[in-house]
Structures are given as structure tokens and as C-alpha cells.
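I have placed the structure first, in the form of C-alpha cells, so that the comments after it can refer back to it.
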Amino acid sequence: MREHCSNCLGTTVQARLGSRGRVYSFTVVRTKPPFGLPQPYGVAYIDLNAMPLRVFGLLDVSQLGQVQIGAPVRLSVASMGVNIAGQPCLHG
């Protein structure tokens, strides 16, 4: 965690974001993926329930057919894709 904001140089604090939210917008990408991600893969903006914050992340590829705008989601960290050495990468 950074001690100071890179924009205003103010002090930063840690905050719990929660693990629940709703899909604000999403897309399924069907071109050749980077970083060993599965093909196709999905990305989404999620509005968090615990605070007024919108986050961007990867979607669970096994759930791509069920994703809808406004659908409730649970945020988590999982192995998805590999790095240049072929080792699993964590994505949240």
C-alpha cells in the first residue's frame, strides 16, 4: 500500500471494500487473449455494495453465459492464466 496519494500527496488509509456488488457493465472478449488468459474471457465494471466505488476486473469464465447488467456478483481472487514462465497468475 502506498503511504501517499500520487495525485494529491495526501495520506492514504486502508479500507475494506467488501466482496459483493452488481454488474454495471461487461463485455466478452473473443480475440487472442494476453497473458495466457482463457479464450474467450470477460471483463466487467462492478459497483460495490459496501461503498460507492466501481471496480474493474476479470469475470469467471465458467459463468460468462449467466452474466447480466445488474446481476449480483461476489468478488474473489483466483488463478486465471499464466505468466511468461508458465506459472499461474492470480487475478481478482
Side-chain angles (χ1 to χ4, degrees):
M1 180 176 110
R2 291 183 178 201
E3 292 184 28
H4 295 91
C5 172
S6 60
N7 290 328
C8 70
L9 301 178
T11 304
T12 60
V13 296
Q14 288 187 0
R16 294 200 180 271
L17 302 180
S19 62
R20 304 281 177 182
R22 294 199 172 270
V23 176
Y24 171 79
S25 182
F26 76 97
T27 190
V28 176
V29 182
R30 299 185 189 282
T31 61
K32 183 179 178 187
F35 309 114
L37 290 173
Q39 188 175 1
Y41 66 98
V43 293
Y45 282 107
I46 306 296
D47 288 336
L48 299 179
N49 292 346
M51 61 177 40
L53 183 65
R54 183 172 292 152
V55 297
F56 181 79
L58 293 164
L59 295 168
D60 181 341
V61 294
S62 70
Q63 302 296 312
L64 291 182
Q66 288 80 37
V67 178
Q68 298 179 40
I69 292 176
V73 292
R74 183 180 59 83
L75 284 67
S76 64
V77 176
S79 176
M80 188 176 194
V82 295
N83 63 18
I84 197 165
Q87 299 297 315
C89 294
L90 295 179
H91 299 278

Heavy-atom check, side chain of Arg20 versus side chain of Leu48, under 4.5 Å: no
Inter- and intrachain pairs under salt bridge (charged side-chain N to carboxylate O under 4.0 Å, His left out), touching residues 23-34, at least two apart: none
Minimal non-hydrogen separation, Arg22 against Gly70, with atom names: NH1-O, 2.8 Å
With Arg54 via salt bridge (Lys or Arg N to Asp or Glu O under 4.0 Å) - residues at least two apart: Asp47
Table please: side-chain donor-acceptor pairs of residues 61-69 below 3.5 Å, with sequence neighbours left out.
unit_1: Ser62; atom_1: OG; unit_2: Asp60; atom_2: OD1; d: 2.8
unit_1: Ser62; atom_1: OG; unit_2: Asp60; atom_2: OD2; d: 3.3

Considering all heavy atoms, the nearest Ala44-Leu59 contact: CB-CD2, 3.7 Å
Steps toward side chain to side chain contact (heavy atoms under 4.5 Å, CB included) verdict (Ile46, Val23): CA-CA 5 Å; Ile46 306 296; Val23 176; 3.9 Å; yes
Member of Thr27, Val28, Thr31 meeting the side-chain contact (heavy atoms from CB on, under 4.5 Å) criterion with Pro40: Val28
Heavy-atom neighbours of Phe26 CZ exceed 12 at 6.0 Å: yes
